[in-house]
Amino acid sequence: MATAEPTSPRTLVTCSDFSHALRTAADTARLAPSSHNCQPWALARLSSPDARASAARLLAASGDSRPREDSEFVAVVLDRTRQLDSLASHDLEMQVSCGAFTHLLIGSLACQGWWLERSVLTDEPDSWAYRSVPAPVRALGPAGWRPGWSLLAVLEVRYAGMPQGSLTEWQDLAAARRTNRGPYTDRAISAEALRRLLDAAPGLSAQAPVGVRHLTSRADRDRFVDFVSRHAGRDFSDRAAWRETHSYVRPTRADAERRGDGFSLSQLFGRLHPLRALMLRTALRPGTMRLLRHVGYPRLLAARMAAAIRPTPAYVAMGFTGTSPGAADALRGGARLADYWLTATREGLSLHPISIVLQHDDLRRRLQADLALPGRTFFISRLGHAGSEFPPAPRRAANAFTFTL
């Protein structure tokens, strides 16, 4: 590795070894948010002659010129063996999660001197699965392409020798970004901070057909919290959805770290007394929940959630401008979400997504009507100053999802 002369108090680092740079980038990109922390992504370096030729054909088909000999190619993949599938909305959530991963990946590579030269995003991921496309994706089969993978993007990067920022600062920012489900203070968010949150970074984030709306008025905030109180119990009472959600709840933090995904009870509820943790583990089991729904337990959980999120100075809603976003839109939307969340972290703000009111399409449409949200809302979250730190969610090691073809 070579170190560039610092032009500021930051240390700027480049790495001309792409294998090392990609490992470093994947180690940062794995910190991206994903629904249930399921981490549905895979990353494939396209380095064999056949794989590079396939990447070149994909880029050429998108209208780009022939790739340079000194280019490197990576494929961002939706790993369908890891995706959520109990609800129709989960497919879009998985693609958005992969878009957030892609934003962190591109930023990490750029901080090492590997700039994005061009990219091609697929519009219909199902049609890019290995078995259904004769070429060029099918040509990757002998190189190790897996039947459970759907291609979302091919990125062409080239070593420029000049980093686009400090790698350390980017890594620290990604590590500091997390979901904080604890109490928030009622301190108002400055107008300047809210304005900066509306500015998208160049690249996929700026290309996203996404609108961002901050709910800061008392009327809008009360309307949203009341909606959560009335309807958030749906997910707890939906047998298939709750069974899938519960499959990502780990009994202890140590178990969550060992598995590398999902979340422990402490990451959902904060520090718990052992007796309360035991009671929650019992109450949240699908079999127990199936019985308790007859006595209104899901409604009780929804009311408690509403009470917990009420003392919040703002909520943020993100939505696609169109009602039927394609996979390419979803990937860009995920990049915009990651960009927004990183900016919020830089501003000292925390987020706590309330996706439970978006995952059922009829509830989402009702919420959009209540709040006059246009298009297709895909993210809604508390936004504010957290009263305490919250533990980070576990992550799989980068070598668990990074491959070379």
Side-chain angles (χ1 to χ4, degrees), residues 25-41 84 93-94 96-105 107-108 167-185 187 189 193 196-197 201 205 245 248-250 252-272 305 308-309 311-316 318 334-356 358 378-398 400-401:
D27 196 53
T28 303
R30 72 194 181 101
L31 302 176
S34 61
S35 295
H36 295 14
N37 191 28
C38 68
Q39 303 163 49
W41 46 70
L84 307 180
E93 288 186 15
M94 298 300 95
V96 167
S97 298
C98 289
F101 171 87
T102 303
H103 180 77
L104 287 175
L105 180 78
S108 301
L167 176 63
T168 301
E169 289 185 4
W170 183 257
Q171 291 171 323
D172 289 346
L173 184 63
R177 183 225 63 82
R178 65 190 60 166
T179 295
N180 192 316
R181 298 181 177 89
Y184 288 14
T185 72
R187 178 157 59 103
I189 303 170
R196 285 190 289 269
L197 286 167
S205 176
T245 298
Y248 285 91
V249 178
R250 311 304 179 208
T252 65
R253 184 169 175 79
D255 188 58
E257 293 293 343
R258 180 179 61 82
R259 292 172 179 255
D261 61 8
F263 27 67
S264 65
L265 288 177
S266 64
Q267 286 155 340
L268 290 174
F269 302 102
R271 184 174 297 178
L272 295 169
M305 177 184 291
I309 69 171
T312 303
Y315 302 91
V316 56
M318 285 190 182
R336 179 67 184 101
L337 171 58
D339 174 33
Y340 181 99
W341 209 327
L342 292 176
T343 302
T345 303
R346 193 180 291 115
E347 296 286 340
L349 299 169
S350 295
L351 278 83
H352 170 199
I354 316 294
S355 56
I356 198 167
L358 296 178
F378 68 93
F379 180 79
I380 195 160
S381 172
R382 299 163 72 195
L383 175 68
H385 301 93
S388 61
E389 289 292 322
F390 222 70
R395 289 294 190 275
R396 293 186 296 152
F401 60 79

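- Looking at Arg178 and Glu389, their side chains come closer than 4.5 Å, going by heavy atoms from C-beta outward.
- In terms of the side-chain hydrogen bond (donor to acceptor under 3.5 Å, both in side chains) criterion, residue partners of Glu347 (sequence neighbours excluded) are, by chain and number, Arg196.
- Contact check for Val316 versus Tyr340: side-chain heavy atoms found under the 4.5 Å cut-off.
- Put simply, CZ on Arg259 and CZ on Arg250 are 4.5 Å apart, with the number rounded to the nearest 0.5 Å.
- Counting heavy atoms from C-beta outward, Pro40 and Glu93 have side chains that stay 4.5 Å or more apart.
- Judged as a ring pair (Phe, Tyr, Trp, His ring centres under 6.0 Å), and not counting sequence neighbours, Tyr184 has no contacts.
- In terms of modelled atom types and a separation under 3.5 Å, the side chain of Asn180 and the main chain of Ser388 share a donor-acceptor contact.
- Considering only heavy atoms from C-beta on, Tyr315 comes within 4.5 Å of Ile309 through its side chain.
- Applying the side chain to side chain contact (heavy atoms under 4.5 Å, CB included) rule to Ala100 yields the partners Ala32, Pro33, Ala338; only residues at least two apart in sequence or on another chain are considered.
- Here the side chain of Arg30 pairs a donor or acceptor atom with the backbone of Arg396 at under 3.5 angstrom.
- Contacts of Arg382 classified as salt bridge (charged side-chain N to carboxylate O under 4.0 Å, His left out), with partners at least two apart in sequence or in another chain: none.
- One finds the CZ atom of Arg346 at 5.0 Å from the CG atom of Leu173 (value rounded to the nearest 0.5 Å).
- Although no hydrogens or angles enter the test, the distance criterion places no donor-acceptor pair under 3.5 Å between the side chain of Ser350 and the main chain of His385.
- Below 30°, between 30° and 60°, or above 60°: for Phe379 and Trp341 the angle between ring planes is between 30° and 60°, a tilted geometry.
- Using a 4.5 Å heavy-atom cutoff, the side chains of Thr179 and Asn37 are not in contact.
- Residues meeting the side chain to side chain contact (heavy atoms under 4.5 Å, CB included) test with Ser355, sequence neighbours left out: Gln359.
- Evaluation of the side chain to side chain contact (heavy atoms under 4.5 Å, CB included) rule for Ser108 yields Ala25, Thr28, Trp170 as partners, not counting sequence neighbours.
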